[in-house]
Amino acid sequence: MENLEKITLTPDQGAPVDYYVLEQTMIGGVRYLLLTDVAEGDGEALILKDISKDGEEESIYVIPSDEELAAVAGVFENMLDDITLEK
């Protein structure tokens, strides 16, 4: 796998966690990230929605609603033909 961008997420409660960005897309002006916990091989996938405002120093991500998550997962599966996302 090519050199993946790594981001660190800091939950409200808990220690920072590193994730690798597999892909990102914009749908309806909203940015979504497909993340994994490992740089190589099979790992846990996570889809996050960016709710940051323009000009904010740090990005704010949330987990999309179930309906939104299913639609975005389908987009990512079409973008990356070698992955299957379990819903």
Side-chain angles (χ1 to χ4, degrees):
M1 199 171 278
E2 69 275 359
N3 209 4
L4 296 176
E5 176 185 0
K6 183 166 69 170
I7 64 172
T8 302
L9 301 178
T10 306
D12 290 337
Q13 308 270 328
V17 181
D18 290 333
Y19 285 94
Y20 298 91
V21 180
L22 289 174
E23 190 61 78
Q24 54 186 316
T25 190
M26 292 282 278
I27 301 172
V30 178
R31 186 169 79 125
Y32 295 90
L33 300 178
L34 174 60
L35 308 174
T36 185
D37 59 346
V38 295
E40 297 282 336
D42 292 338
E44 294 293 317
L46 178 64
I47 295 176
L48 295 179
K49 176 181 180 177
D50 187 349
I51 60 167
S52 307
K53 304 286 188 238
D54 287 339
E56 286 185 331
E57 193 171 307
E58 292 188 5
S59 296
I60 301 169
Y61 299 103
V62 297
I63 297 172
S65 68
D66 288 343
E67 182 178 301
E68 192 175 17
L69 188 62
V72 174
V75 170
F76 281 130
E77 284 179 335
N78 287 333
M79 292 172 72
L80 301 167
D81 56 346
D82 63 339
I83 67 163
T84 301
L85 298 174
E86 293 180 24
K87 296 164 184 95

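- Between Asp66 atom CG and Ile63 atom CD1 the span is 10.0 Å, to the nearest 0.5 Å.
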Table please: side-chain donor-acceptor pairs of residues 44-59 below 3.5 Å, with sequence neighbours left out.
unit_1 : atom_1 : unit_2 : atom_2 : d
Lys49  : NZ     : Glu68  : OE2    : 3.2
Asp50  : OD1    : Ser52  : N      : 2.9
Asp50  : OD1    : Ser52  : OG     : 2.6
Asp50  : OD2    : Arg31  : NE     : 3.3
Asp50  : OD2    : Arg31  : NH2    : 3.3
Ser52  : OG     : Ile60  : N      : 2.6
Glu56  : OE1    : Lys53  : N      : 3.0

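- Take Pro16 and apply the side chain to side chain contact (heavy atoms under 4.5 Å, CB included) test, not counting sequence neighbours, and it matches Thr8, Thr10.
- Taking each heavy atom of Tyr19 and Leu9 in turn, the nearest pair found is CD1-CD1, 3.5 Å.
- Looking at Thr36, Leu34, Leu35 one by one, the single match for side-chain contact (heavy atoms from CB on, under 4.5 Å) with Tyr20 turns out to be Thr36.
- The two residues Phe76 and Tyr32 come nearest to each other via the heavy atoms CZ-O, 3.7 Å.
- Counting only residues at least two apart or on different chains, the salt bridge (charged side-chain N to carboxylate O under 4.0 Å, His left out) pairs with a member in residues 5-14 are Lys6-Asp18.
- Checked against side chain to side chain contact (heavy atoms under 4.5 Å, CB included), Val75 has the following partners two or more places apart in sequence or in another chain: Thr25, Ile27, Met79.
- Here the CG atom belonging to Leu33 is positioned 5.5 Å from the CD atom belonging to Gln24, to the nearest 0.5 angstrom.
- Follow the hydrophobic side-chain contacts under 4.5 Å out from Val30 and you reach Val72 in the same cluster.
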